[in-house]
Peer 1: 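There's a structure below that I have some questions on.
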Amino acid sequence: MDGKSAVSLEVVLDRCRHGPGQQPNILQTLLAVQEALGHVPFNVVGEIARGLEVTEADVAGVLSYYPDLRTHLSGRHLIRICMGESCVANHCSRVLRELRDQLRVDVGETTPGNRFTLEKVYCVGNCAVSPTVIIDDELYGRMIPSQVASLLDQYR
Amino acid sequence: MVRLYLPNDTSSRAAGAARLAEVWQERTGIELIRTSARGAFFLEPMVERDMPEGRMAWFNVTPDDLPQILAGKGGTPVNEIPFLRGQTRVTFANFGVTQPLSLDEYRAHGGLKGLEAARTQSPEAIIEEIRISRLRGRGGAAFPVWHKWQVARETEADRKYVVANADEGDAGTYCDRMVMEGEPFRLIEGMLICARAIGADTGYIYCRQEYPAAAHTLRAAIQKADEAGLLQSHGHRLRLEVVVGAGSYVVGEETALLESLEGRRGVVQARPPYPAEAGLHGKPTIVSNVLTFATVSTILARGGEWYSSMGTERSRGTVVLQIGGRVKQPGLVEIPFGATLAEALERFGGGMAPGSRLKAVQVGGPLGSLFPVSKLGIQICYDAFAKAGAILGHGGIVVFDHETDMVELARHYTVFTAEESCGKCTPCRVGSLRSREILERIQAGRGTADDLALLADLGETMKTASLCAFGGRAPYPVLTAIEHFGEEFRRLTK
Ligand SMILES: Cc1cc2nc3c(=O)[nH]c(=O)nc-3n(C[C@H](O)[C@H](O)[C@H](O)COP(=O)(O)O)c2cc1C
Ligand code: FES
């Protein structure tokens with residue numbers, strides 16, 4: 001870990017420290033750490049546990065439970081394809097196949113140049129304008145396979 | 001200056017409203033007002049303007065349509081849109097009309113009347129009004145709302161909490177998202193009424209991570225409500241906070257949600273005690289769905305008697321359906337309980353997307369049962385669905401077309417449940433995994449007729465022995481797929 005992120009971890013933990021008589025909030029602490037570092041590497045679990053005065057097992061348990069807490073950095077762009085039933089009914093599997101073909105990775109993997117990570121998500125509430133693909137913070141609806149290539153081109 | 005109304009809802013934006021706003025921002029001579037969405041998403045992006053003959057709408061607008069709109073040509077009167085005209089909008093009455101963060105507009109369209117009425121009433125009288133309305137929770141379990149409030153009210157404690165369940169985990173549903181993005185003050189108003197009724201001084205809105213716009217809008221609305229002095233409960237300032245989660249379907253279950261709010265693993269806890277007696281930090285807590293709170297304010301404003309005059313004997317008021325999948329007209333539909341599923345699909349769904357034929361309909365999210373064409377005569381109310389072993393859940397309706405491979409769909413459900421099982425009880429943790437393995441074996445052509453029997457067996461065990469409704473309901477989509485489309489499974493088994 002470089003010096004810069006070590007400092008910010010300290011700052012984050014300081015901000016998340018619970019007051020006297022209060023319970024520490026492990027989940028919100030981990031989310032804050034992820035916000036600062038981009039992910040929650042396993043090697044900071046000990047420091048977080050000490051900061052919150054809980055066991056390492058407590059922290060690791062929460063970290064492994066929530067799908068949106070990541071222990072590895074994702075690629076420069078995170079692609080999430082919706083696998084909720086409305087998107088499934090609208091044949092998102094065809095969009096997924098195209099994404100896999102274009103990126104040559106499977107769900108959960110990152111492209112060799114670290115450009116994209118491909119993940120799935122179960123419904124983002126865009127069901128009426130589905131199938132849905134999200135790249136970083138941008139949401140795309142009514143996706144069809146033939147749009148995939150030009151969409152990816154917008155993300156370098 | 002021509003004033004144009006353009007929704008700022010996430011789905012409207014995804015349909016093209018974001019692009020219209022970007023292109024038109026620079027244009028002189030127009031003023032863009034960003035509103036909530038009406039829920040007729042198949043028409044989005046939809047642009048409206050006031051004309052001498054009333055509010056007119058243009059559908060599926062592209063940037064090049066601007067001259068036509070400015071000339072006032074080719075629009076449709078909003079009150080003549082069949083999809084909307086056939087509805088009974090109560091909770092969603094102002095959608096598409098007001099600006100989400102304008103408290104003045106909220107008030108001008110009837111907002112805060114419920115809260116004002118509640119503030120002249122005793123907590124007991126508020127609960128009595130809710131009892132008369134016969135409102136049942138809209139998050140899925142359909143428990144009588146007044147009863148929960150009564151328990152929380154009567155339980156002695158130094159501190160009580162009101163929690164909005166904004167986890168909206170059911171795929172195919174988005175009405176909570178629309179409330180939070182489109183009329184956040186409505187949710188806040190409902191929570192304030194509840195806080196007064198039970199004597200709470202702290203509230204949380206647990207919002208799923210997948211809804212960033214909702215969380216953002218709510219935080220801004222809470223600040224405005226605070227500045228306007230609205231956040232009061234029995235003489236104290238009500239602390240109200242938005243908490244964002246980190247994924248997981250099971251966290252939507254109320255005891256798991258409270259665990260997650262306290263920062264732990266979102267694992268289901270055995271009940272009793274129910275949260276209304278011992279919830280957050282062991283204190284009496286009302287956990288209710290966003291739509292439930294959003295309905296409460298109108299009930300207080302217009303009376304429980306009025307609300308209960310709609311619907312069927314044991315399902316009063318309106319049901320909020322979210323129609324999606326391969327229909328021509330996906331969108332939000334609010335109607336009184338009591339229509340049949342076929343009627344709702346016919347009147348609002350508008351038929352199937354070009355080139356596709358209806359094969360199956362799933363109601364109630366990923367744990368809901370599948371209906372074949374022959375079973376669509378079922379009445380949309382809690383009783384009829386319970387009798388059929390099905391659920392209305394949060395009102396999601398997903399329509400699958402003839403190209404859907406039912407074995408693959410069944411496998412999809414088991415992948416979902418195996419991934420999302422919280423792991424606390426064995427039937428669900430192991431049963432969902434075994435079901436997935438069996439279906440994958442069948443798909444690979446290595447399944448036997450015994451495998452289908454085994455799936456049914458596993459399903460029965462999960463239904464009866466799981467700790468919560470997740471494991472208890474998980475077998476239903478799979479077993480109803482086999483029940484109604486068995487040929488597709490048998491074809492693959494020897
Ligand atoms: C697995 C599971 C997931 C659930 N997910 C949600 C959800 O996302 N939103 C919700 O409001 N209720 C959900 N519920 C229902 C809640 O446990 C609870 O009944 C509800 O929040 C109570 O609010 P209501 O009375 O307004 O319906 C879920 C239940 C289970 C078993
Ligand atoms: S099912 Fe994909 S957005 Fe809801």
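These values consider heavy atoms only, across backbone and side chains, with no hydrogens, waters or symmetry-generated copies. So that the names make sense, note that chain A is the first sequence line, chain B the second, and so on, each numbered from 1.
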Peer 1: Against chain A, label B:Leu261 side chain, backbone, both or neither, depending on which of its atoms sit under 4.5 Å from a heavy atom there.
Peer 2: backbone

Peer 1: When rounded to the nearest 0.5 angstrom, what distance separates CD in B:Glu262 from CD in A:Gln28?
Peer 2: 12.0 Å

Peer 1: At a 4.5 Å cut-off on heavy atoms, which part of B:Val361 comes close to chain A: side chain, backbone, both, or neither?
Peer 2: neither

Peer 1: Taking every heavy-atom pair that is under 4.5 Å apart, which of B:Gly324, B:Gly365, B:Pro477, B:Ala15 has the most such pairs with chain A?
Peer 2: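 Between B:Gly324, B:Gly365, B:Pro477, B:Ala15, the count favours B:Ala15.
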
Peer 1: For A:Arg115, I'd like to know if atom CZ has over 12 heavy atoms of other residues, nucleotides or ligands within 6.0 Å.
Peer 2: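 Yes, enclosed.
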
Peer 1: In terms of heavy-atom proximity below 4.5 Å to chain A, should B:Gln322 be classed as side chain, backbone, both, or neither?
Peer 2: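 For B:Gln322, neither part sits under 4.5 Å from chain A.
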
Peer 1: For the residue pair A:Tyr65 and B:Val267, establish whether any side-chain heavy-atom pair is separated by less than 4.5 Å.
Peer 2: yes

Peer 1: Where does A:Pro24 contact chain B at under 4.5 Å (heavy atoms): side chain, backbone, both or neither?
Peer 2: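 When you check distances to chain B, only backbone atoms of A:Pro24 fall under 4.5 Å.
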
Peer 1: If you count heavy-atom pairs under 4.5 Å with chain A, which of B:Gly245, B:Ala246, B:Ser248 comes out on top?
Peer 2: B:Ala246

Peer 1: For residues A:Cys127 and B:Tyr174, report the shortest heavy-atom separation together with the two atoms involved.
Peer 2: SG-CD2, 3.7 Å

Peer 1: Decide if atom CG of A:Asp106 counts as having more than 12 heavy atoms of other residues, nucleotides or ligands within a radius under 6.0 Å.
Peer 2: yes

Peer 1: Just how far is it from atom OG of A:Ser86 to atom CD1 of B:Ile323, taken to the nearest 0.5 Å?
Peer 2: 10.5 Å

Peer 1: Please flag which part of A:Val62 lies under 4.5 Å from any non-hydrogen atom of chain B: side chain, backbone, both or neither.
Peer 2: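 Contact with chain B: backbone and side chain both.
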
Peer 1: CG/A:Leu27 to CZ/B:Arg265 distance, rounded to the nearest 0.5 angstrom?
Peer 2: 12.0 Å

Peer 1: Taking atom CZ as the centre, does B:Arg429 end up with more than 12 heavy-atom neighbours from other residues, nucleotides or ligands that are less than 6.0 angstrom away?
Peer 2: yes

Peer 1: Of the non-hydrogen atoms in A:Asp68 and B:Glu210, which two are nearest, and what is the gap between them?
Peer 2: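 Scanning both residues, the minimum pair turns out to be OD2-OE2, 4.1 Å.
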
Peer 1: Between B:Gly423, B:Pro366, B:Ala18, which residue shows the highest count of heavy-atom pairs closer than 4.5 Å to chain A?
Peer 2: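 Most pairs with chain A among the choices: B:Pro366.
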
Peer 1: How far apart are the closest heavy atoms of A:Cys123 and B:Asp170, and which atoms are they?
Peer 2: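 Where A:Cys123 meets B:Asp170 most closely, the heavy atoms are SG-O, 4.2 Å.
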
Peer 1: Determine whether B:Phe41 and A:Asn126 satisfy the following criterion, side chain to side chain contact (heavy atoms under 4.5 Å, CB included), listing intermediate values before the conclusion.
Peer 2: CA-CA 10 Å; B:Phe41 289 109; A:Asn126 189 47; over 6 Å; no

Peer 1: Find the distance between CZ (A:Arg142) and OG (B:Ser11) and round it off to the nearest 0.5 Å.
Peer 2: 9.0 Å

Peer 1: Under a 3.5 Å cutoff, is there a donor and acceptor pairing between the side chains of A:Gln23 and B:His281?
Peer 2: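 B:His281 and A:Gln23 do not have a side-chain donor-acceptor pair below 3.5 Å.
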
Peer 1: For A:Phe42, look at atom CZ and say whether over 12 heavy atoms of other residues, nucleotides or ligands are found less than 6.0 Å away.
Peer 2: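 Incorrect, the count does not exceed 12.
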
Peer 1: Examine whether an atom of A:Ser93 lies under 4.5 Å from a heavy atom of chain B, and if so say whether it belongs to the side chain, the backbone or both; otherwise answer neither.
Peer 2: neither

Peer 1: For the interface with chain B, which of A:Gly141, A:Ser64, A:Pro67 has the highest count of heavy-atom pairs at distances below 4.5 Å?
Peer 2: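 Among the listed options, the one with the most contacts to chain B is A:Pro67.
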
Peer 1: Within a strict 4.5 Å, meaning less than it, do heavy atoms of the B:Val244 and A:Leu31 side chains meet?
Peer 2: no

Peer 1: Considering only heavy atoms, which portion of B:Glu420 lies under 4.5 Å from any heavy atom of chain A: side chain, backbone, both, or neither?
Peer 2: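 Side chain only.
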
Peer 1: To the nearest 0.5 Å, what is the distance between OG (B:Ser260) and CG (A:Asn25)?
Peer 2: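 Rounded to the nearest 0.5 Å, the OG-CG separation comes to 8.0 Å.
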
Peer 1: Heavy-atom distance under 4.5 Å to chain A: side chain of B:Cys422, backbone, both or neither?
Peer 2: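 Both backbone and side chain of B:Cys422 come within 4.5 Å of chain A.
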
Peer 1: Is atom CD of A:Gln154 surrounded by more than 12 heavy atoms (other residues, nucleotides or ligands) closer than 6.0 Å?
Peer 2: yes

Peer 1: Walk me through it: do B:Arg13 and A:Glu138 pass the test salt bridge (Lys or Arg N to Asp or Glu O under 4.0 Å)?
Peer 2: CA-CA 10 Å; B:Arg13 294 174 61 87; A:Glu138 206 58 48; 5.4 Å; no

Peer 1: Out of A:Val124, A:Asp137, A:Thr132, return the one with the most heavy atom pairs under 4.5 angstrom to chain B.
Peer 2: A:Val124

Peer 1: What's the spacing between B:Gln209 CD and A:Leu69 CG if we round to 0.5 Å?
Peer 2: 9.5 Å

Peer 1: Taking the side chain as every heavy atom from C-beta outward, state whether B:Phe42 and A:Val129 have any atom pair closer than 4.5 Å.
Peer 2: no

Peer 1: With distance as the sole test, does B:Arg326 use its side chain to make a donor-acceptor pair with the main-chain N or O of A:Asn90 at under 3.5 Å?
Peer 2: no

Peer 1: Please give me the minimum heavy-atom distance between B:Arg208 and A:Tyr122, naming the atom from each residue.
Peer 2: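 Reported closest heavy-atom pair: NH2-O, 3.5 Å.
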
Peer 1: Looking only at non-hydrogen atoms, find the nearest pair between B:Arg177 and A:Gly125 and report the distance.
Peer 2: NE-O, 2.9 Å

Peer 1: Taking all atoms of both residues into account, what is the closest heavy-atom pair of A:Met83 and B:His412, and its distance?
Peer 2: O-CE1, 2.9 Å

Peer 1: Taking side chain as everything from C-beta outward and backbone as N, CA, C, O, which of these in B:Val399 sits under 4.5 Å from a heavy atom of chain A? Side chain, backbone, both or neither.
Peer 2: backbone

